[in-house]
Engineer: 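Here it is, the structure, as structure tokens.
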Number of protein chains: 2
Amino acid sequence: MVASGYFPTPRRRVLLKDVAQAASVSGSTASRALADDPRISLATRLSVKAAAAELNYVPNAAARSLRMKHTRTLGLLIPDLRDPVHGQVASGFEEEARRSGYCVIMVSGENEPVRERLGLKIFAEHGADGVAIVSSAISPREARERVDPDRLILVQPDHTSLPRREGSLPPGVILTDDASGLRAAVNHLVDSGYCRIAYVEGGGGASNKVRSDAVTTTLRDRGVKTPVRTFAASGDTWRDAGELAAEIAADLPEALVCYDDKLALALMDELRKLKVRVPEDVGIVGFDGIPFAALANPRLTTVATPAGEMGRLAAASLIRTIQFGARLDAVMLPPELIVRESTRTLPAPAGRRGGTAG
Amino acid sequence: MVASGYFPTPRRRVLLKDVAQAASVSGSTASRALADDPRISLATRLSVKAAAAELNYVPNAAARSLRMKHTRTLGLLIPDLRDPVHGQVASGFEEEARRSGYCVIMVSGENEPVRERLGLKIFAEHGADGVAIVSSAISPREARERVDPDRLILVQPDHTSLPRREGSLPPGVILTDDASGLRAAVNHLVDSGYCRIAYVEGGGGASNKVRSDAVTTTLRDRGVKTPVRTFAASGDTWRDAGELAAEIAADLPEALVCYDDKLALALMDELRKLKVRVPEDVGIVGFDGIPFAALANPRLTTVATPAGEMGRLAAASLIRTIQFGARLDAVMLPPELIVRESTRTLPAPAGRRGGTAG
DNA sequence: TTGTATGCGTTATCAG
DNA sequence: CTGATAACGCATACAA
């Protein structure tokens with residue numbers, strides 16, 4: 001041994017056995033003490049805990065997991081953390097998870113099946129006790145093949161194979177009642193005197209179809225004869241908002257029901273370039289209720305969904321299942337129409353029953 | 001044994017030894033084969049891999065970590081996933097991490113020291129190979145006490161104890177050059193003829209001070225005599241945008257430099273309620289360059305920062321350090337002024353040199 | 001009430 | 001080139 005130098009803190013990680021030694025007990029006693037095992041006397045329990053605190057003991061999750069067969073970890077597969085809606089879902093999920101002592105490993109799937117499958121594999125390797133998939137590109141069927149369905153929850157799955165009626169929802173699915181939301185929106189529109197209403201699509205997912213259909217049928221139910229026009233999503237190509245706005249402006253409907261707020265906002269922006277005024281020239285309603293919809297000019301009328309709540313619910317549901325073996329249930333959350341400035345009450349042209357104008 | 005029923009798939013998890021058995025080799029050979037150890041013959045390597053694929057083998061990360069002393073996991077501590085800026089940082093971080101085969105465990109600190117410390121502890125328990133803290137509430141000093149500084153990166157740390165000059169930045173820090181961004185913004189403003197410029201604060205963090213100071217000194221450097229007014233952040237209380245807008249509207253400056261885009265957007269909304277027009281009555285510039293700033297009406301002039309890039313950089317830096325023992329470096333990213341509609345060229349009142357009006 | 005011994009699934013060391 | 005064996009850090013069945 002050379003006397004010359006000793007190392008400041010080679011800082012070997014402190015193990016349970018170190019704590020045990022410091023408290024002059026065996027490893028098992030230390031383990032039990034830290035776990036508040038009632039069999040351990042209060043005295044030793046305290047002294048062990050003191051030692052642990054003193055030494056700054058941090059249990060090794062890997063070792064524990066290996067032994068315990070669970071990780072207290074949840075996997076969250078989400079398309080895009082930059083999206084306001086997904087951000088809210090993620091936020092709610094993480095918060096609820098951690099409230100129960102779970103930590104979450106998050107992977108963004110970018111809406112690409114390949115990445116999503118990779119994410120699922122990661123969850124498997126890390127032994128996630130449960131996983132939530134938000135709005136995925138892969139089918140619910142495939143998802144359930146790849147991860148234990150009892151430990152899987154699908155949040156707003158955007159897949160056509162999924163029935164959308166409340167009663168027939170398979171367990172482990174959380175979604176919003178888009179149809180009812182759109183119905184409210186369309187009702188608001190026709191109550192306000194709008195007739196020539198168009199729907200602006202937003203991708204080829206199932207939600208798009210549900211929303212589109214809801215618009216159509218509600219309009220029919222309300223006796224509106226004017227056919228519903230539908231913009232965009234022509235073929236597979238994605239068109240940018242500018243093009244879309246131009247097409248819309250060329251033959252303006254009275255109101256536009258948009259697939260979501262992002263689209264609505266982008267459209268409003270492009271429409272403004274084209275000198276069409278909202279709501280004077282055209283009414284617009286969005287979907288989602290993202291925070292900036294409330295700050296837009298004009299403020300956007302929208303169908304708000306409880307995104308954060310869905311995330312929280314997903315985590316809570318998963319954890320309940322894990323801990324108590326409860327069955328995963330299916331829940332369909334009600335969205336809420338928020339009427340703001342992007343729609344108005346139209347002056348009644350003929351003599352129809354309009355809304356009660358203020 | 002009763003013959004009555006057999007269980008469909010009690011599905012015991014398939015282990016390495018199962019793969020080994022299926023390929024008729026020992027566990028060690030199987031392990032090596034899957035790791036592409038060159039010592040294993042191509043033939044057996046292939047057969048092992050085939051068996052693994054066939055059985056759908058998924059390695060157990062916990063066991064591996066326990067043995068390997070690393071987890072291929074990164075921890076990301078972030079204030080709020082709902083915030084557009086943080087969402088972008090998180091997105092970039094996750095993407096880059098996963099590109100290198102790392103997975104990320106994310107915890108939101110809510111800007112509360114208690115939660116942040118808890119998050120750090122979680123990372124420690126799970127043996128994160130590296131951790132990034134975004135804009136935290138705890139001091140860099142404390143952070144470095146709680147996690148190995150060689151494995152820690154601070155993204156846009158909002159703490160006064162940190163020097164902000166490029167040369168003197170401690171390693172492991174990634175931030176934007178807010179001062180230069182604000183300088184550009186203010187220069188743009190005075191070039192456009194603005195004189196009576198006010199700064200609107202956004203919390204008591206260090207960034208706020210940096211930005212505020214940059215406004216003040218730039219104005220002084222440009223020879224603007226009119227004193228800079230500062231709104232809000234009175235004491236500790238947080239005031240809502242409405243109040244703030246009222247106070248501002250009561251004695252309108254020519255332009256408002258806002259702490260960030262969120263604030264700017266909220267202010268624009270409230271100002272509109274108060275019938276003050278942007279940019280006719282007052283110019284506004286934000287900071288961050290969140291996507292919706294581009295869609296606002298009027299579109300927001302702002303100092304855009306590369307949020308996603310910071311996240312990516314943080315992850316890349318961490319991983320480089322982990323894998324190659326490289327030193328963490330300090331980097332200060334340049335923001336970029338984006339001039340849009342919320343500021344305009346003022347008609348020159350007297351005979352000063354104005355910008356080159358178009 | 002506490003200690004001893006064992007195993008969780010992998011990788012790595014050391015023989016063959 | 002391949003196989004037995006130990007060890008990673010912890011929790012628990014069993015013994016005392």
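Given the structure is predicted, the values throughout are model-derived calculations rather than measurements. The sequence lines fix the lettering, A, B, ..., with proteins before strands; numbering per chain opens at 1.
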Engineer: What is the distance, to the nearest angstrom, from the CZ atom on A:R39 to the P atom on D:dA16?
Structural biologist: 16 Å
Engineer: For A:N60 and D:dA11, what is the distance between atoms CG and P respectively, to the nearest whole Å?
Structural biologist: 10 Å
Engineer: For B:R45 and B:L66, take the nucleotide of DNA chain D holding the closest heavy atom to each; which residue's nucleotide lies nearer the 5' end?
Structural biologist: B:R45
Engineer: With a 4.0 Å cut-off on N to O distance, would you call A:E145 and A:R141 a salt bridge?
Structural biologist: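 Salt bridge: yes.
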Engineer: Take atom CZ of A:R72 and atom P of D:dA11, then tell me their distance rounded to the nearest Å.
Structural biologist: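 Going from A:R72 (CZ) to D:dA11 (P), I get 13 Å.
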Engineer: Nearest nucleotide by nearest heavy atom, which residue falls closer to the 5' end of DNA chain C, B:V14 or A:G27?
Structural biologist: A:G27
Engineer: Using a cut-off of less than 4.0 Å, is there contact between a side-chain N or O of A:Y57 and OP1 or OP2 of D:dC10?
Structural biologist: yes
Engineer: Check the surroundings of atom CD in A:E309: do more than 12 heavy atoms from other residues, nucleotides or ligands lie under 6.0 Å from it?
Structural biologist: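 Buried by this count: over 12 neighbours within 6.0 Å.
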Engineer: When the distance from NZ of B:K17 to C1' of C:dG9 is rounded to whole Å, what number comes out?
Structural biologist: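 It works out to 8 Å between those atoms.
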Engineer: For D:dC1, does either OP1 or OP2 sit under 4.0 Å from a side-chain N or O belonging to B:T29?
Structural biologist: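 No, B:T29 has no side-chain N/O under 4.0 Å of OP1/OP2 on D:dC1.
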Engineer: Report which part of the nucleic acid B:S28 touches: base, sugar-phosphate, or nothing (heavy-atom distance under 4.0 Å, all strands).
Structural biologist: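 Base contact.
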Engineer: Looking for any heavy atom pair under 4.0 Å, which part of the strands does A:S65 touch: base, sugar-phosphate only, or nothing?
Structural biologist: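 Nothing, no heavy atom under 4.0 Å.
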Engineer: Taking atom types as they are modelled, is there a donor-acceptor pair under 3.5 Å from the base of C:dG9 to the side chain of B:R13?
Structural biologist: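 Donor-acceptor pair under 3.5 Å: no.
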Engineer: Would you mind telling me which of C:dT2, D:dG3, C:dG3 lies closest to the side-chain atoms of B:R32?
Structural biologist: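 From the listed options, D:dG3 comes nearest.
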Engineer: Between the side chains of A:R151 and A:D129, is the shortest nitrogen-to-carboxylate-oxygen separation below 4.0 Å, so that they form an ion pair?
Structural biologist: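 No.
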Engineer: Rounded to the nearest angstrom, tell me the gap between atom CG in A:L42 and atom P in C:dT1.
Structural biologist: 11 Å
Engineer: Would you kindly give the CZ-to-P distance between A:R67 and C:dT6, to the nearest whole Å?
Structural biologist: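 Nearest whole value for this atom pair: 13 Å.
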Engineer: Look at B:S26 and D:dG3 and indicate whether a side-chain polar atom (N or O) is within less than 4.0 Å of OP1 or OP2.
Structural biologist: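 Answer is yes, contact under 4.0 Å.
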Engineer: With a 4.0 Å cut-off on heavy atoms, is A:L16 in touch with a base, just the backbone sugar-phosphate, or nothing at all?
Structural biologist: sugar-phosphate
Engineer: Write down the distance between CD (B:E125) and P (D:dC10), rounded to a whole number of angstrom.
Structural biologist: 11 Å
Engineer: Counting only side-chain nitrogens and oxygens, does B:T44 get under 4.0 Å of the OP1 or OP2 atom of D:dT2?
Structural biologist: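 So the side-chain polar atoms of B:T44 do come within 4.0 Å of the phosphate oxygens OP1 or OP2 of D:dT2, strictly under.
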Engineer: At less than 4.0 Å, is any side-chain N or O atom of B:K69 found next to OP1 or OP2 of D:dG9? Yes or no.
Structural biologist: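 Checking B:K69 against D:dG9: at least one side-chain N or O falls below 4.0 Å of OP1 or OP2.
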Engineer: Test your reading of the model: is there a side-chain donor-acceptor pair from A:R32 to the backbone of A:D37, 3.5 Å cut-off?
Structural biologist: no
Engineer: Measure the distance from CG on B:D37 to C1' on C:dT13 and round it to the nearest whole Å.
Structural biologist: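 B:D37 atom CG is separated from C:dT13 atom C1' by 13 Å.
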Engineer: Can you check whether B:S108's main-chain N or O pairs, donor with acceptor, with A:E94's side chain at less than 3.5 Å?
Structural biologist: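 Side chain of A:E94 to backbone of B:S108: a pair is present.
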